[in-house]
Amino acid sequence: MIQTNIITPENTYQLVVQHTTNQISFGIFTPAFGQTTFRLFVSDLATANYFTQYLSGILALTFQKHMSNVNFLSQLQKLINKQLANWQVTNQ
């Protein structure tokens with residue numbers, strides 16, 4: 001599991017990437033809005049490891065520990081529209 005917190009002036013967002021044998025999950029949590037999880041189902045552990053590392057690399061290059069709320073949300077929207085477009089979404 002890979003977890004990081006992004007601090008903005010308005011909120012603190014928690015981003016979590018984890019995987020099982022055939023599923024990769026990317027979760028976004030903030031106390032103000034709850035949790036949203038994106039899931040991708042794959043055929044095997046090697047593919048799950050690949051997508052976990054791929055997504056983790058994108059997060060490391062895109063997000064910083066302290067960001068403006070507008071910049072964070074803009075980068076998050078780009079991530080959702082491009083890399084996570086075909087992932088299954090659940091809100092809690």
Side-chain angles (χ1 to χ4, degrees):
M1 176 171 68
I2 299 166
Q3 177 179 325
T4 188
N5 291 322
I6 311 298
I7 300 166
T8 69
E10 290 83 10
N11 289 302
T12 297
Y13 298 89
Q14 184 179 61
L15 306 179
V16 178
V17 178
Q18 54 189 355
H19 75 276
T20 61
T21 304
N22 67 341
Q23 176 181 299
I24 304 95
S25 297
F26 171 60
I28 307 158
F29 175 77
T30 184
F33 302 112
Q35 181 171 344
T36 300
T37 304
F38 294 84
R39 289 187 171 83
L40 179 66
F41 294 92
V42 295
S43 59
D44 58 23
L45 182 60
T47 307
N49 284 332
Y50 170 81
F51 277 104
T52 300
Q53 294 303 317
Y54 172 74
L55 185 56
S56 299
I58 290 171
L59 295 178
L61 294 172
T62 304
F63 298 101
Q64 302 168 3
K65 184 161 183 70
H66 296 276
M67 298 177 76
S68 71
N69 204 51
V70 171
N71 189 24
F72 171 78
L73 294 174
S74 174
Q75 295 301 327
L76 184 62
Q77 181 181 17
K78 289 177 189 175
L79 177 70
I80 291 169
N81 290 339
K82 292 181 181 180
Q83 280 79 23
L84 305 178
N86 296 321
W87 292 40
Q88 192 176 59
V89 181
T90 55
N91 295 323
Q92 298 172 343

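All of these numbers come straight from a predicted model, not from anything done at the bench. What's counted below: heavy atoms across the whole structure, side chains too, no hydrogens, waters or symmetry copies.
- For Asn81, the CG atom sits in a packed shell: over 12 heavy atoms of surrounding residues, nucleotides or ligands are nearer than 6.0 Å.
- Note that NE2 of His19 is 9.0 Å distant from CD1 of Ile2, once rounded to the nearest 0.5 Å.
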Can I get a per-line list of side-chain donor-acceptor pairs under 3.5 Å for residues 54-63, giving both atom names and the distance, sequence neighbours left out?
from	atom 1	to	atom 2	distance (Å)
Ser56	OG	Thr52	O	2.7
Thr62	OG1	Ile58	O	2.7

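- Counting Ile, Leu, Val, Met, Phe, Trp and Tyr side chains that sit under 4.5 Å apart, directly or through other members, Ile7 stands alone, with no cluster partners.
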Determine all donor-acceptor pairs shorter than 3.5 Å in which one atom belongs to a side chain in residues 68-79; sequence neighbours excluded.
from	atom 1	to	atom 2	distance (Å)
Ser68	OG	Asn71	N	3.1
Asn69	OD1	Thr8	OG1	3.1
Asn69	OD1	Tyr13	OH	3.0

Would you please test Asn91 and Val89 for side chain to side chain contact (heavy atoms under 4.5 Å, CB included) and show each step?
CA-CA 7 Å; Asn91 295 323; Val89 181; 4.2 Å; yes
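- Between the side chains of Gln88 and Thr90, no donor N or O sits under 3.5 Å from an acceptor N or O.
- Between atom CD of residue Gln23 and atom CH2 of residue Trp87 there is a gap of 9.5 Å, rounded to the nearest 0.5 Å.
- Once rounded to the nearest 0.5 Å, the distance linking CG of Leu40 with CG of Leu84 reads 9.0 Å.
- The hydrophobic clustering, which links ILVMFWY residues whose side-chain heavy atoms are closer than 4.5 Å, places Phe38 and Val16 apart.
- The hydrophobic clustering, which links ILVMFWY residues whose side-chain heavy atoms are closer than 4.5 Å, places Phe26 and Phe41 apart.
- Phe29 and Phe33 are assigned to two separate hydrophobic clusters, defined by single-linkage of ILVMFWY side chains at heavy-atom distances under 4.5 Å.
- When all heavy atoms are compared, the tightest approach of Thr21 to Ala48 is O-CB, 3.9 Å.
- To the nearest 0.5 Å, atom CG of residue Asn5 and atom OG1 of residue Thr30 are 10.0 Å apart.
- Between Lys65 atom NZ and Ile6 atom CD1 the span is 8.0 Å, to the nearest 0.5 Å.
- Atom-to-atom distance recorded for Thr47:OG1 and Asn22:CG is 10.0 Å, nearest 0.5 angstrom.
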